[in-house]
Amino acid sequence: MKSILKHLIKNRIALLCVLDVAIVIWIAWYERGIEYERLLDIQYEVLLDMGLPLIPLCETIYDTMIVTITINMVVLLLEIRRRYKRKYEEHELTIAYVYFSLIMFCMLWGSFYISTRIYGSVISESNTLFRLPIWLFGKELFTSIFTAPSLYLSVCFIHLCICLFYLHLCVVQNCNNDK
């Protein structure tokens, strides 16, 4: 038991799994504590008739999701680079499958979460995550290219490609190790 825990603590992918689960729990806790003010009855009925979402997207949660995916991508790229230099260990394929499953769940849950919210004011100059890109490219150009869902889906797609490549490396090394 002690050697398994020691191995898991040294494995960056296992630590990313723990970080991702902690972020999901934090988002659920943070979202539970937010109280939304009800819209005027006229606006509420019009939005409800149009089938549009009624709850605004919290920029803190959105920023946390984007930063977490970016951290996952960077750590995974470093792990891919390390994979070529070190010996393959037996539990890494299992951890890679668990990580991939967890990431798929988190990305699907995040897509559903964003699609059920009003996201008009998330990408703005007041949001510290987008202040520099808006300052460099201008608000009109940046907001015409990126919306909250399109940016999230783009980052998720890049991360998914990196995850699939990492999973491929683990499978190939596991097959080579069995020979």
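Only heavy atoms go into these numbers, but all of them, side chains included; no hydrogens, no water, no symmetry mates. Treat the numbers as computed from the prediction; the structure is a model and nothing was measured.
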Sorted by first residue and then second, give each side chain to side chain donor-acceptor pair (under 3.5 Å) pair with at least one member in residues 100-111; sequence neighbours left out.
none
Looking at NE2 of His159 and SG of Cys106, how far apart are the two atoms once the value is rounded to the nearest 0.5 Å?
9.0 Å
Which donor-acceptor pairs under 3.5 Å do side chains of residues 65-76 form with protein atoms, sequence neighbours excluded?
{"from": "Thr68", "atom 1": "OG1", "to": "Thr64", "atom 2": "O", "distance (Å)": "2.6"}
{"from": "Thr70", "atom 1": "OG1", "to": "Ile66", "atom 2": "O", "distance (Å)": "2.8"}
{"from": "Asn72", "atom 1": "OD1", "to": "Tyr99", "atom 2": "OH", "distance (Å)": "2.8"}
{"from": "Asn72", "atom 1": "ND2", "to": "Asp20", "atom 2": "OD1", "distance (Å)": "3.0"}
{"from": "Asn72", "atom 1": "ND2", "to": "Thr68", "atom 2": "O", "distance (Å)": "2.7"}

When you compare the side chain of Val24 with that of Leu102, does any pair of heavy atoms fall below 4.5 Å?
no
Verify same cluster id: Val98, Ile23 (apolar side-chain graph, 4.5 Å)
no
Out of curiosity, Leu153 CG to Ile158 CD1, how far, rounded to the nearest 0.5 Å?
11.5 Å
Within the 4.5 Å heavy-atom criterion, are Glu125 and Phe130 side-chain neighbours or not?
no
Say whether, by atom type as modelled, one donor and one acceptor occur between the side chain of Asn127 and the main chain of Val122 under 3.5 angstrom.
yes
Can you name the closest pair of heavy atoms from Cys170 and Arg83 and give their distance?
SG-NH2, 3.8 Å
Evaluate the side-chain proximity of Phe165 to Cys161: yes if any heavy-atom separation is below 4.5 Å, no if none is.
no
Contacts of type side chain to side chain contact (heavy atoms under 4.5 Å, CB included), residue Leu136, not counting sequence neighbours:
Leu132
Identify each donor-acceptor pair in which a side-chain atom of residues 144-152 lies under 3.5 Å from a protein atom, sequence neighbours left out, and give them as a table.
{"from": "Ser144", "atom 1": "OG", "to": "Glu140", "atom 2": "O", "distance (Å)": "3.1"}
{"from": "Ser144", "atom 1": "OG", "to": "Leu141", "atom 2": "O", "distance (Å)": "2.8"}
{"from": "Thr147", "atom 1": "OG1", "to": "Ser150", "atom 2": "N", "distance (Å)": "3.4"}
{"from": "Thr147", "atom 1": "OG1", "to": "Ser150", "atom 2": "OG", "distance (Å)": "3.0"}
{"from": "Ser150", "atom 1": "OG", "to": "Thr147", "atom 2": "N", "distance (Å)": "2.9"}
{"from": "Ser150", "atom 1": "OG", "to": "Thr147", "atom 2": "O", "distance (Å)": "3.1"}
{"from": "Tyr152", "atom 1": "OH", "to": "Met107", "atom 2": "O", "distance (Å)": "3.3"}

What residues, two or more places apart in sequence or in another chain, satisfy salt bridge (Lys or Arg N to Asp or Glu O under 4.0 Å) together with Arg81?
none
Looking only at heavy atoms, what is the nearest atom pair of Ile123 and Thr143, with distance?
O-CG2, 3.8 Å
With Tyr97 via side chain to side chain contact (heavy atoms under 4.5 Å, CB included) - residues at least two apart
Leu93, Leu167, Val171
I'd like to know if the side chain of Tyr62 pairs up with that of Arg117 as donor and acceptor (distance under 3.5 Å, no hydrogens or angles considered).
no
Taking the side chain as every heavy atom from C-beta outward, state whether Ile95 and Glu92 have any pair of such atoms under 4.5 Å apart.
no
